[in-house]
Amino acid sequence: MPQSEITTLEQFIVDQQALHAQADGSLSRVFRAIELAAKIVNRDVRKAGLIDILGQDGSVNTHGEDQQKLDVLANNIFISALSRTGEVSMIISEENEGVVYVEGCDHEKYIVAIDPLDGSSNIDVNVSIGSIFSIYKRQNAEQSPNLQECLQTGNEQVAAGYVFYGSSTMLVYTTGQGVNGFTLDDALQEFCLSHPNIQTPSNGKIFSVNEGNYNDFSEGVKSYIDYCKSNEAGPYKARYIGSMIADFHLNLLKGGVFVDPGTTGSPSGKLRLMYECNPMAFLAEQAGGKATYGEGSIMELQPKELHQRCPLFIGSANMVDLAMHYISEEDTAIINR
Ligand code: AHM
Ligand code: MG
């Protein structure tokens, strides 16, 4: 691409804002904060082996998991950048038990949900990881900010996306008008539009699931996995990186299905509705794919608590539909119990 034709994320945001007469620039400021945080986290991820930020920092997050140093760092970086926009009243994070109320911003209009570093068990072994964000508008910014206002369905998302620290660093996002991907140019330190208007194939050949949990899956999920490995399916290629963003990104571009179902030990699966499932569902649907918890659209689920978990079947539309043929009522009863 000729250098003069590069579209930076910054330019793209300005252009998008100009398309909406009522836009006051507040969402653009939130995006700029996410872009800045992404660059800082990217810088730290890239030198993680060189400075003392690998390993566990000794604290435990709200899910009882060891927090890695980079998790804590990334969480602080995103919260600090978002807090300084002056546009965000509340931040909810996979790494914080409660709502982070931004000082002096009681009546600002946005709520941002973040998984600051997804795939954290892969940090120490140099496997791709990412950050996920999801932006909501407050229903009533006149009132004092409160937890209840954060519990919105995925359908209320104003924007969502992820930053993927892979062989290159990408920022992929949607505001409900398609999905666009930007690759970080290291020399310029700018995210440049590299994947405009991403459309996911309606069929694919990849299935992504942690098969180590096979014995704990429902009968329907087991029979779907058996199908994926059968000659009838092709068989599909198995790909499971263990960082949802990396698995999702692969399937988004190539066509495939990612499954994180309920297990006997964890009937609602592993992933969190507000930090992981909803933003990915918004992106998948905007790219022409689908996302369901087994019965209906992920984004219709009414969250009851911040850290709620949720089974996830996401990816190419026809593959998700087919997976649902294997999920019986009995299975969804197990999944939803
Ligand atoms: P994290 O947010 O604590 O990193 O956990 C979520 C990750 C997902 O990225 C990934 O899909 C899943 O955990 C992998 O879990 P498992 O190794 O149990 O299959
Ligand atoms: Mg995560």
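Sequential numbering from 1 along the given sequence is applied to the chain's residues. Counting convention: from 1, in listed order, for ligands and their atoms alike.
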For the Mg ion (ligand 2), find the closest N/O/S atom on [X] and give its atom name.
X	value
Asp115	OD2
Glu276	OE2
Asp118	OD1

Within ligand 1, which atoms have a heavy atom of [X] less than 4.0 Å away?
X	value
Phe258	11 (O)
Met244	8 (C), 9 (O), 10 (C), 11 (O)
Ser243	9 (O)
Glu276	2 (O), 6 (C)
Asp115	2 (O)
Arg272	2 (O), 5 (O)
Glu94	1 (P), 2 (O), 3 (O)
Lys270	5 (O), 12 (C), 13 (O), 14 (C), 15 (O), 16 (P), 18 (O)

(message) Does atom CD (Gln302) have a neighbourhood of more than 12 heavy atoms from anything else shown, all under 6.0 Å?
(response)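 It does: Gln302 CD has more than 12 such atoms within range.
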Sequence neighbours excluded and cut-off under 3.5 Å, please list the side-chain donor-acceptor pairs for residues 234-245, or say none.
unit_1	atom_1	unit_2	atom_2	d
Ser243	OG	Asn122	ND2	2.8
Ser243	OG	Ser128	O	2.6

(request) Check step by step if side chain to side chain donor-acceptor pair (under 3.5 Å) holds for Glu190 and Thr8. (result) CA-CA 6 Å; Glu190 294 278 4; Thr8 63; 4.6 Å; no
(request) Report yes or no: does Asp118 have a heavy atom closer than 4.0 Å to ligand 1? (result)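 Yes.
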(request) Answer side chain, backbone, both or neither: which part of Tyr275 comes under 4.0 Å from ligand 1, heavy atoms only. (result)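 For Tyr275, no heavy atom sits under 4.0 Å from ligand 1.
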Going by distance alone, is a donor N or O of one side chain under 3.5 Å from an acceptor N or O of the other, for [X] and [Y]?
X	Y	value
Tyr293	Ser268	no
Asn75	Ser93	yes
Arg309	Ser266	no
Asn213	Thr263	no
Thr153	Asn155	no

(message) Out of Ile245, Asp260, Asn210, who is nearest to atom 16 (P) of ligand 1 when you count heavy atoms only?
(response)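 Comparing heavy atoms across Ile245, Asp260, Asn210, the nearest one to atom 16 (P) of ligand 1 lies in Asn210.
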(request) Test Asn42 against Thr169 for side chain to side chain donor-acceptor pair (under 3.5 Å), laying out the working first. (result) CA-CA 7 Å; Asn42 176 65; Thr169 298; 2.6 Å; yes
